[in-house]
Amino acid sequence: MKTFFPGQFAFLLLMCTLGVCGTTSSRDGWYTSQQAAAGAKAYKKTCASCHGATLEGGMGPVLVGKPFWQAYGGKKLSTLWSSVHTQMPMMAPNSVPAKNSINIMAFLLQKNGLPAGATPLDDTVDLSKALPSK
């Protein structure tokens, strides 16, 4: 068993505090800024007519703030994916290409305060990750 001296322990603690020793998923980000920007365009084209230009709702529910967190907080990303990709748009469910749907999800996550990172959101591997509860 290796023994750490007080100075080594302090250095290790400092490095972990700075994020060098490993990060949590929220520090890594949930999507890339590029995905969110592409998602904003796809949202405007596909979703804004029902959910509002600023996600404030209309014919469709509000997609930002407390209503978003009540619907999706603490749930897996697959729940949001199901809503965005397989159930929308209402008149043509599952008609939005997967890449556009994942970008729309990134835009929604951005507008609801989740951070961007360097790793793109991927609909084939990341959907089991749970959103924080708010």
Side-chain angles (χ1 to χ4, degrees):
M1 183 166 125
K2 184 171 177 162
T3 303
F4 288 101
F5 295 102
Q8 289 174 313
F9 180 76
F11 178 76
L12 182 61
L13 183 62
L14 173 66
M15 297 310 287
C16 288
T17 301
L18 294 174
V20 175
C21 294
T23 58
T24 63
S25 60
S26 63
R27 282 189 176 202
D28 289 340
W30 293 77
Y31 55 88
T32 65
S33 296
Q34 294 83 1
Q35 283 181 306
K41 292 176 185 173
Y43 175 88
K44 183 177 180 181
K45 180 179 177 186
T46 309
C47 314
S49 62
C50 291
H51 294 283
T54 59
L55 295 88
E56 76 277 7
M59 289 183 352
V62 175
L63 297 175
V64 68
K66 187 175 180 179
F68 176 87
W69 291 109
Q70 286 176 332
Y72 301 107
K75 295 181 181 168
K76 292 181 180 181
L77 279 173
S78 60
T79 303
L80 179 58
W81 172 253
S82 178
S83 294
V84 171
H85 185 64
T86 63
Q87 298 173 18
M88 294 290 125
M90 184 69 82
M91 299 310 224
N94 204 22
S95 64
V96 177
K99 183 174 182 175
N100 287 358
S101 292
I102 206 77
N103 290 340
I104 290 167
M105 282 179 56
F107 174 65
L108 295 175
L109 296 175
Q110 178 188 57
K111 290 300 181 184
N112 282 285
L114 293 172
T119 305
L121 181 60
D122 181 340
D123 63 305
T124 61
V125 295
D126 293 339
L127 299 180
S128 64
K129 193 162 130 180
L131 291 166
S133 296
K134 290 201 177 191

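Remark: the backbone N or O of Thr54 is paired with a side-chain donor or acceptor of Glu56 at under 3.5 angstrom. No donor-acceptor distance shorter than 3.5 angstrom exists from the side chain of Tyr31 to the backbone of Leu108, with no hydrogens or angles considered.
Separation of atoms CE (Met105) and CG (Leu127) is listed at 5.5 Å; rounding is to 0.5 Å. To the nearest 0.5 Å, atom CG of residue Leu121 and atom CD of residue Gln35 are 5.5 Å apart. Rounding to the nearest 0.5 angstrom, the gap separating the SG atom in Cys50 from the CE atom in Met91 is 8.0 Å. Here the CG-CG distance, from Asn103 to Asp123, works out to 10.0 Å after rounding to the nearest 0.5 Å. Within the model, atoms OG of Ser78 and NZ of Lys129 stand 13.0 Å from one another, a figure rounded to the nearest 0.5 Å. Rounded to the nearest 0.5 angstrom, Thr79 OG1 and Leu131 CG are separated by 8.5 Å.
The two residues Phe68 and Leu63 make their nearest non-hydrogen contact at CD1-O, 3.5 Å. What you find for Ala130 and Gly74 is that their closest heavy atoms are CB-O, 4.2 Å. The shortest heavy-atom contact between Ser101 and Val84 is O-CG1, 3.6 Å. The heavy-atom pair separating Thr32 from Ala118 by the smallest distance is CG2-O, 3.8 Å. The two atoms that bring Ala106 and Ala36 nearest to each other are CB-N, 3.8 Å, heavy atoms only.
Within the structure, every pair that satisfies the side chain to side chain donor-acceptor pair (under 3.5 Å) test and touches residues 62-75, not counting sequence neighbours, is listed here: Tyr72-Ser83. Applying the ring-ring contact (aromatic ring centres under 6.0 Å, His included) definition to pairs two or more places apart or across chains, those involving residues 85-134 are Tyr43-Phe107, Trp81-His85.
Taking the side chain as every heavy atom from C-beta outward, Leu114 and Pro132 approach each other to under 4.5 Å. Annotation: side chain of Met88 is not in contact with side chain of Pro93 (no heavy-atom distance under 4.5 Å).
Annotation: side-chain contact (heavy atoms from CB on, under 4.5 Å) contacts of Val64 (sequence neighbours excluded): Leu55, Val62, Lys111, Asn112.
The number of heavy atoms from other shown groups lying within 6.0 Å of NZ (Lys45) does not exceed 12.
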